Amino acid sequence: ALAWVPGGSPACPALCTCYVSPPTVSCQANNFSSVPTGLPPGARRLFLQNNVIRALRAGTFGPSTVTLWLYSNNISSIQPGTFRHLPALEELDLGDNPHLRVLAPDTFHGLRRLQALHLYRCQLASLPSAIFRGLHSLQYLYLQENGLLYLQDDLFADLANLSHLFLHGNRLRALSEGVFRGLPSLDRLLLHANRLATVHRRAFHGLARLTILYLFNNSLVALPGDPLAALPSLQFLRLNANPWACDCRARPLWAWFRRTRVSSSPVPCASPPHRRGTDLRHLRPRDFDGCPEEDEEEDEGKDEDDSDGGGGGGGAVAVVGTPGRALGRPGTLPAAPPSAFYRDGLPPHDLRGSQPRPPPPSRDSRGPPGDSPVAAAPRPAPTLLPLLGLLLPHL
């Protein structure tokens, strides 16, 4: 190995290999239980993968580090400040550390040049709301194959340059309205192999550059409110391996396929029984005879969204199968939005959850289709009609 001696002092730790150009220290697969001491402060690339490192401590890595590979270790704790003084860091790989289950909110703060962050296969059940704050240069974020149960609104709000977001292989059940807010550059979004049953109609709002969306192998029965309409650049879509209901609930998705050109997987129906196995995309207009008019469905959805109580959590989607008593409320209350179940630095109003929704207006209360929304003149009260009948002959 070519030894590298910056500053005139020995710089290569025992059992490691060091290279001059670019300044690199390679210590992988040496059964290290901790980061070896004596890492050269001028090293730009540090390869420490495939060891049994258990903890990371502040002051271990030098400020010149650009690439830091720590994947496939036994890391279970990261001391606050471990990455704070690494202003040049562009790639950080902490993937495949199955004992890394909790991250402090400021773990990655200060990494302004970070472009790729690998956190796959770490058994993370949740993420702090501020975990990605300030990572304005991040382009690739790998969160797949963890145990993530939910994603808070605005979790990715600072990631304006993010192009790849991998979230597959988790336990997500719902996508709320603001979950992907702040991602105008996103190109690929992988959400397959989760437990998604609910997608808010505005969950993909603002993802104008998204070209690849994977939603296969989830628990989706329908996509009400036409959430895919917010994706004008979409080219590749996978929706297979979901229990799609090919009844009236399928019409928004079917209509979206009719007016767009996108390379899609098959979308096999799971119900009703007589349509099982039929591709949803190949349904016919007469299959929706007897369904409510689309504008009526949209009006009802809008009314429900507007009745969520206002505030920042308007339109949040309830988690299927999660009763209101999860927050100590009577079970008769509606389920709270995902963020309400996990009190991770949320403002107090978020802990209240959504308020009970009034029933949507009936068809009669809206009048016949085509009626103007302007209120009609009030009619005389029924109790006045007999009095008018008695007075008219004397007028």
Side-chain angles (χ1 to χ4, degrees), residues 6-7 9 11 13 16 22-28 32-49 51-97 99-143 146 148 152 154-162 165 182 344-346:
S9 61
C16 298
T24 301
V25 180
S26 179
C27 301
Q28 72 266 29
F32 287 122
S33 59
S34 61
V35 176
T37 59
L39 291 175
R44 298 190 62 189
R45 301 194 303 174
L46 297 178
F47 299 147
L48 293 159
Q49 70 273 21
N51 285 291
V52 288
I53 297 170
R54 297 186 180 92
L56 300 179
R57 305 190 184 282
T60 302
F61 309 110
S64 299
T65 308
V66 175
T67 301
L68 180 54
W69 288 2
L70 288 157
Y71 64 85
S72 298
N73 276 283
N74 286 336
I75 298 170
S76 61
S77 66
I78 300 175
Q79 188 180 43
T82 295
F83 307 119
R84 188 168 298 157
H85 302 294
L86 303 180
L89 193 63
E90 295 180 359
E91 182 180 4
L92 176 58
D93 194 336
L94 290 164
D96 194 25
N97 277 285
H99 302 291
L100 185 59
R101 301 181 180 182
V102 178
L103 293 171
D106 61 349
T107 299
F108 307 117
H109 285 191
L111 300 180
R112 297 173 184 248
R113 295 188 182 180
L114 193 66
Q115 297 178 18
L117 178 57
H118 304 256
L119 290 168
Y120 57 90
R121 217 173 300 139
C122 287
Q123 298 302 312
L124 297 168
S126 63
L127 293 167
S129 297
I131 189 69
F132 304 122
R133 187 168 297 167
L135 302 184
H136 302 297
S137 299
L138 198 65
Q139 299 178 38
Y140 304 91
L141 180 54
Y142 302 93
L143 292 166
N146 280 284
L148 293 174
Q152 306 94 306
D154 299 313
L155 180 64
F156 310 110
D158 274 3
L159 309 184
N161 287 302
L162 195 71
L165 179 55
D344 178 38
L346 295 172

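Index from 1, following the sequence. Computed from a predicted structure; not experimentally measured.
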Between Arg84 and Asp106, the two heavy atoms sitting closest are NH2-OD2, 3.1 Å
With Phe108 as reference, evaluate Thr82, Leu138, Leu119 under the side chain to side chain contact (heavy atoms under 4.5 Å, CB included) test and give the passing residue.
Leu119
Heavy-atom closest contact (Gln152 atom, Ser129 atom, distance)
NE2-OG, 3.3 Å
Heavy-atom closest pair (Ala104 atom, Ile131 atom, distance to 0.1 Å) is O-CD1, 3.2 Å
Please name the pair of heavy atoms, one in Leu124 and one in Asn146, separated by the smallest distance, quoted to 0.1 Å.
N-OD1, 3.1 Å
Would you mind reporting whether Leu39 and Pro13 have side-chain heavy atoms less than 4.5 Å apart?
yes
Indicate yes or no for a side-chain donor-acceptor contact from His109 to the backbone of Pro105 under 3.5 Å, with no hydrogens or angles considered.
yes
Compare every heavy atom of Asp96 with every heavy atom of Cys122, then report the nearest pair and how far apart it is.
SG-N, 4.2 Å
Can you find a side-chain donor-acceptor pair between Thr67 and Arg45 that sits under 3.5 Å?
no
Please examine the side chains of Asp158 and Leu135, heavy atoms only from C-beta on, and report whether any two atoms are closer than 4.5 Å.
no
Using a 4.5 Å cut-off on heavy atoms from C-beta on, say whether the side chain of Ile53 contacts that of Val35.
yes
Student check: side-chain heavy atoms of Pro87 and Pro63 closer than 4.5 Å
yes
Decide yes or no for Pro40 and Pro23: does some side-chain heavy atom of the first lie under 4.5 Å from some side-chain heavy atom of the second?
no
Straight-line distance of Leu127 CG to Phe132 CZ, nearest 0.5 Å:
5.0 Å
Rounded distance [0.5 Å steps], CD1 in Ile75 versus CG in Leu56
4.0 Å
On a heavy-atom basis, which atom in Asn51 and which in Phe32 lie closest, and how many Å separate them?
OD1-N, 3.0 Å
Could you tell me the separation between the OG atom of Ser33 and the CG atom of Asn74, rounded to the nearest 0.5 Å?
10.0 Å
Do Leu86 and Leu92 touch side chain to side chain, with heavy atoms closer than 4.5 Å?
no
Is there side-chain contact between Tyr142 and Asp93, with at least one heavy-atom pair below 4.5 Å?
no
Euclidean distance, Ser77 OG relative to Leu103 CG, rounded to 0.5 Å
11.0 Å
Roughly how far, to the nearest 0.5 Å, is the CD atom of Gln123 from the NE2 atom of His99?
9.5 Å
Leu117 side chain reached by Leu111 side chain, heavy atoms, under 4.5 Å
no
Closer than 3.5 angstrom, by distance alone: can the side chain of Gln79 be matched with the main-chain N or O of Ala58 as a donor-acceptor pair?
yes
Do the side chain of Asn161 and the main chain of Ser137 share a donor and acceptor less than 3.5 angstrom apart?
no
Atom pair OH (Tyr140) and CG (Leu162), whose distance is rounded to the nearest 0.5 Å
9.5 Å
Step by step, work out the side-chain contact (heavy atoms from CB on, under 4.5 Å) result for Leu48 and Leu68.
CA-CA 8 Å; Leu48 293 159; Leu68 180 54; 4.3 Å; yes
For the residue pair Ser26 and Gln28, confirm or rule out a side-chain donor-acceptor distance under 3.5 Å.
yes
Hey, mind stepping through Leu100 and Ile78 against side-chain contact (heavy atoms from CB on, under 4.5 Å) and telling me if it holds?
CA-CA 9 Å; Leu100 185 59; Ile78 300 175; 4.2 Å; yes
Yes or no on side-chain contact (heavy atoms from CB on, under 4.5 Å) for Phe61 and Leu89, after CA distance, side-chain angles and deciding distance?
CA-CA 10 Å; Phe61 309 110; Leu89 193 63; over 6 Å; no
